[in-house]
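Computed from heavy atoms alone, side chains included, the values below leave out hydrogens, waters and symmetry copies. Residue numbering restarts at 1 for every chain, and letters A, B, ... go by the order of the sequence lines. The shown structure was predicted, so the numbers you read here are calculated from the model rather than taken from an experiment.
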Amino acid sequence: MSAGGDLIEKTAERHRREPWDELGLAGERAFAYQRAGATFGIWIFIASEVLFFGALFLLYTAMRLEHAADFAIAARETNIVYGTLNTALLLTTGLCAAIASQASEQKGLQRLTLWCLGATVLLGLAFMAVKGVEYSEDIEKHLLPGAGFALKEPATQLFFGFYWLATSIHAIHLSIGIALVVRLIWKEWREPGFLFESPQVEVVMLYWGFVDMIWIVLYPMLYLDGRAG
Amino acid sequence: MSERSRTSIGRIWRRGLIVWALLLAFLALSLFAAYAAPASWAAPINFGIAATQAVLVALLFMRLDRADTLVRLAAACGLFWLAILFALTLTDTLSRLANS
C-alpha cells in the first residue's frame, strides 16, 4: 500500500489537529509543534506509568527483603521456558515497533511501516497465547494463592500474589498496545498514506517500548530468582 | 522503490538488528547467570542486566538518544520520583529488618 504524491505533500494538513490557526503559525510549523507535543505528552504518561509499576516493584522488593528464602522457592515454580520465550518475543516486538516508528517518518517506506506494525501485533498475540498456556499450567499446579495452594512456605503465596497481579496488569497494558496498533493498521487501510509522518505511530510505538521495558524488569523478578545451586 | 529508500531501509534495519541482537544476548547471559552464578550474586547480576536492557530499549528503540531536552527531562522525572519512592520506603523497611 503506497501513499499517493498528493497525500504525502499534504502530511501536515492531514495530521494537524484543530484548532491550530489560533496559534497564528504556518501549517508546517503548527504541525511540528503538535508533533513535539504528542511526543512530550506520551513521555509524561510513561513517567506516570513508571511510578505506577514502580509501586508494584517496590512491593516486591520489600517482600523479597523479608522473605528471600520463600521467594526463591516460589520463583523456582514458575515456568522458565515460557518466561524466556515470552521475553524473546517481546524484545522482537520492540524491534518491529522501533523500525515501524522510524520507517513512518520517511517517504516511500509505508509498506515497511505496515509490515512491521503487522509483525508487532502478531508477536504480541503470540506473547498473550504463551501467557495463556502458562496461566492454565499454573492453575493446574495449584499456584493460585488461597485454599489448596501447592507450596507449604507461607510467603510463597505472597510471591504468587505478586506474580498474578503484575503479569495480569502487564497483559492488560499489552492488550491495549495491540488494540492501538491494530487501529493504526485499520486507519492506513481506510486512508492509504495515513501512517506517513503520523505522530500517532510514534506515540503508540513509545507506549509499546514502555510495556517492553516493564517485562524486561519482571523477567528476573518472576523467573530467574532461586535457580542457582 | 528508489535508491534512497533502499539505503534508508538498510540503515534502519542495521541499527535495529544490532540492538535486538544485543538484547537477546543479554537475555541469554541472564539465563546463564541465573543457573551458574553463586546464589548471592545471581540477583544483582540479573537486575543489572535487566537495567542495561531497559536503558538500551529507552535510548535506541524509544529514541531518547535523539529526543528533545524537554522529553529527556520528562523521562528523568519518572526515574527521579521513583528513586524517592524507593529510597524513603526502603529506609523504613531496611531499618526495621536490621533491628528485628
- Task: First locate atom CG of B/L70, then atom CH2 of A/W43, and finally report the distance between them rounded to the nearest 0.5 Å.
- Result: 12.5 Å
- Task: Give the member of B/S30, B/C77, B/A42 that has the highest number of heavy-atom pairs under 4.5 Å with chain A.
- Result: B/S30
- Query: What pair of heavy atoms forms the shortest contact from A/G209 to B/M62, and how long is it?
  - Reply: C-SD, 3.6 Å
- Task: Return the minimal non-hydrogen interatomic distance between B/P38 and A/A228, and the atom names on each side.
- Result: C-CB, 4.5 Å
- Can you check side-chain contact (heavy atoms from CB on, under 4.5 Å) on A/E202 and B/R63, steps first, answer last? CA-CA 10 Å; A/E202 192 187 2; B/R63 302 317 306 265; 5.9 Å; no
- Item | Where A/L109 and B/S8 come nearest, the two heavy atoms and their spacing | CD1-OG, 4.1 Å
- Task: Nearest 0.5 Å please: distance from the CZ atom of A/F57 over to the CZ atom of B/F86.
- Result: 8.0 Å
- Checked B/I49, B/D92, B/L73, B/L23 vs chain A; the most non-hydrogen pairs under 4.5 Å come from B/L23
- Query: Where does B/W81 contact chain A at under 4.5 Å (heavy atoms): side chain, backbone, both or neither?
  - Reply: both
- Query: Top residue by heavy-atom pair count (under 4.5 Å) with chain B, among A/L224, A/D225, A/L112?
  - Reply: A/L224
- Task: Mind ranking A/A62, A/A97, A/G94 by heavy-atom pairs under 4.5 Å with chain B and telling me who comes out on top?
- Result: A/G94
- Give, for atom CZ of B/R66 and atom CD of A/Q102, the distance between the pair rounded to the nearest 0.5 Å. 6.0 Å
- Message: So for A/Y223, is it side chain, backbone, both, or neither that comes closer than 4.5 Å to the heavy atoms of chain B?
- Response: neither
- Note on the structure: Answer key: most heavy-atom pairs under 4.5 Å with chain B among A/I42, A/T39, A/T61 is A/T61
- Query: A/A47 and B/A74: which non-hydrogen atoms are nearest, and at how many Å?
  - Reply: CB-O, 3.5 Å
- Note on the structure: Of the listed A/V50, A/I99, A/I44, A/I80, the one with the largest count of heavy-atom pairs under 4.5 Å with chain B is A/I99
- So which part of B/L82 gets closer than 4.5 Å to some heavy atom of chain A, the side chain, the backbone, both or neither? both
- Message: Tell me which of these, A/L95, A/I46, A/T84, has more heavy-atom pairs under 4.5 Å with chain B than the rest.
- Response: A/L95
- The interface call for A/C96 against chain B, heavy-atom contacts under 4.5 Å, is neither
- Heaviest contributor of heavy-atom pairs below 4.5 Å to chain A, chosen from B/L79, B/L27, B/L31, B/L60, is B/L27
- Anything in residues 51-59 of chain B with a heavy-atom distance to chain A below 4.5 Å? Please list those residues in order. B/Q53, B/A54, B/V57, B/A58
- Rounded distance (nearest 0.5 Å) linking atom CZ of B/F26 with atom OG1 of A/T87: 15.0 Å
- Heavy-atom pair of closest approach, residues A/A36 and B/D68: CB-OD2, 4.4 Å
- Contact winner vs chain B - A/D212, A/I214, A/T92, heavy-atom pairs under 4.5 Å: A/T92
- Item | Flag if over 12 foreign heavy atoms under 6.0 Å of CZ, B/R96 | no
- Note on the structure: So, the part of B/W13 with a heavy atom under 4.5 Å from chain A: the answer is both
- Using a 4.5 Å cut-off on heavy atoms from C-beta on, say whether the side chain of B/F47 contacts that of A/M221. yes
